[in-house]
Trainee: 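Structure in structure tokens, see below.
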Amino acid sequence: QVQLVESGGGSVQSGGSLRLSCAASGYTYSRYCMGWFRQAPGKEREGVAAIDNDGITRYAQSVKGRFTISQDNAKNTLYLQMNSLKPEDTAMYYCAASDGGNWYVLDSRGGPHPASFADWGQGTQVTVSS
């Protein structure tokens, strides 16, 4: 079990940038794959990006080329750099750790499937205005 706390959300104009951070506590951070997810009101939670224990990254098609996931194992911190933000990126963003393994399942959009992740943060709001 790992505890996760997101930060860095806020309100920006279309085309702007934000960097989200996810601070992890616990002694097993490096044993998990990590992912970013988002959920807008009335919509299902969708996978945005993930990174595995080998540093391999995956992105949903909707954010590929605009978002970058990274991690600093020494600081037990996960990041999501978001550039060229669009109004449709508006959502609550969550970080999560995989369910006790070194793998995860992709959803139909190419992002990580929430079912592969067990431990979740409380979320940070991202709002993009046009």
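Keep in mind it's a predicted model, so treat the numbers as computed, not measured.
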Trainee: Rounded to the nearest 0.5 Å, how far does CG of D89 lie from OG of S14?
Mentor: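 So the OG of S14 and the CG of D89 are separated by 8.5 Å.
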Trainee: Treating T68 as the side-chain partner and Q81 as the backbone partner, does any N or O pair qualify as donor plus acceptor under 3.5 Å?
Mentor: no
Trainee: Are the side chain of T90 and the backbone of V128 linked by a donor-acceptor contact shorter than 3.5 Å?
Mentor: yes
Trainee: Looking at E6 and T124, what are the two nearest heavy atoms and their distance?
Mentor: CB-CG2, 3.9 Å
Trainee: Filter on disulfide (SG to SG under 2.5 Å), then keep only pairs touching residues 100-130, sequence neighbours left out; what's left?
Mentor: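 Sorted result for residues 100-130: empty, none.
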Trainee: How long is the gap from CD1 on I51 to CG on L80, to the nearest 0.5 Å?
Mentor: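 Nearest 0.5 Å value for the CD1-CG distance: 11.0 Å.
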Trainee: Charged N to carboxylate O under 4.0 angstrom, E44 versus R109?
Mentor: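 Counted as a salt bridge, because a side-chain N and a carboxylate O are separated by less than 4.0 Å.
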Trainee: Minimum heavy-atom separation for S17 to S84, with atom names?
Mentor: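 Smallest heavy-atom distance, with atoms named: OG-N, 4.3 Å.
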Trainee: Which residues pass the ring pair (Phe, Tyr, Trp, His ring centres under 6.0 Å) test with Y94, not counting sequence neighbours?
Mentor: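 Here no residue qualifies.
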Trainee: Can you list every ring-ring contact (aromatic ring centres under 6.0 Å, His included) pair that touches residues 35-79, not counting sequence neighbours?
Mentor: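 Applying ring-ring contact (aromatic ring centres under 6.0 Å, His included) to every pair that reaches into residues 35-79, excluding sequence neighbours, yields F37-F117, F37-W120.
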Trainee: Hey, could you give me the CZ/CZ distance between R38 and R45, rounded to the nearest 0.5 Å?
Mentor: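 Those atoms lie 13.0 Å apart.
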Trainee: Establish, from distance only, whether the side-chain atoms of S25 and Q3 form a donor-acceptor pair under 3.5 Å.
Mentor: yes
Trainee: For residues 72-130, which residue pairs pass the disulfide (SG to SG under 2.5 Å) check, not counting sequence neighbours?
Mentor: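 Listed once each, the pairs are C22-C95.
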Trainee: Rounded to the nearest 0.5 Å, how far does NZ of K43 lie from CE of M92?
Mentor: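 Nearest 0.5 Å value for the CE-NZ distance: 15.0 Å.
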Trainee: Under 4.5 Å between side-chain heavy atoms, chaining through other members, with only Ile, Leu, Val, Met, Phe, Trp and Tyr counted: pull out the rest of the cluster around W103, sorted by chain and number.
Mentor: none
Trainee: When Ile, Leu, Val, Met, Phe, Trp and Tyr are grouped by side-chain heavy atoms lying under 4.5 Å apart, directly or through other members, which residues fall in the same group as I56?
Mentor: none
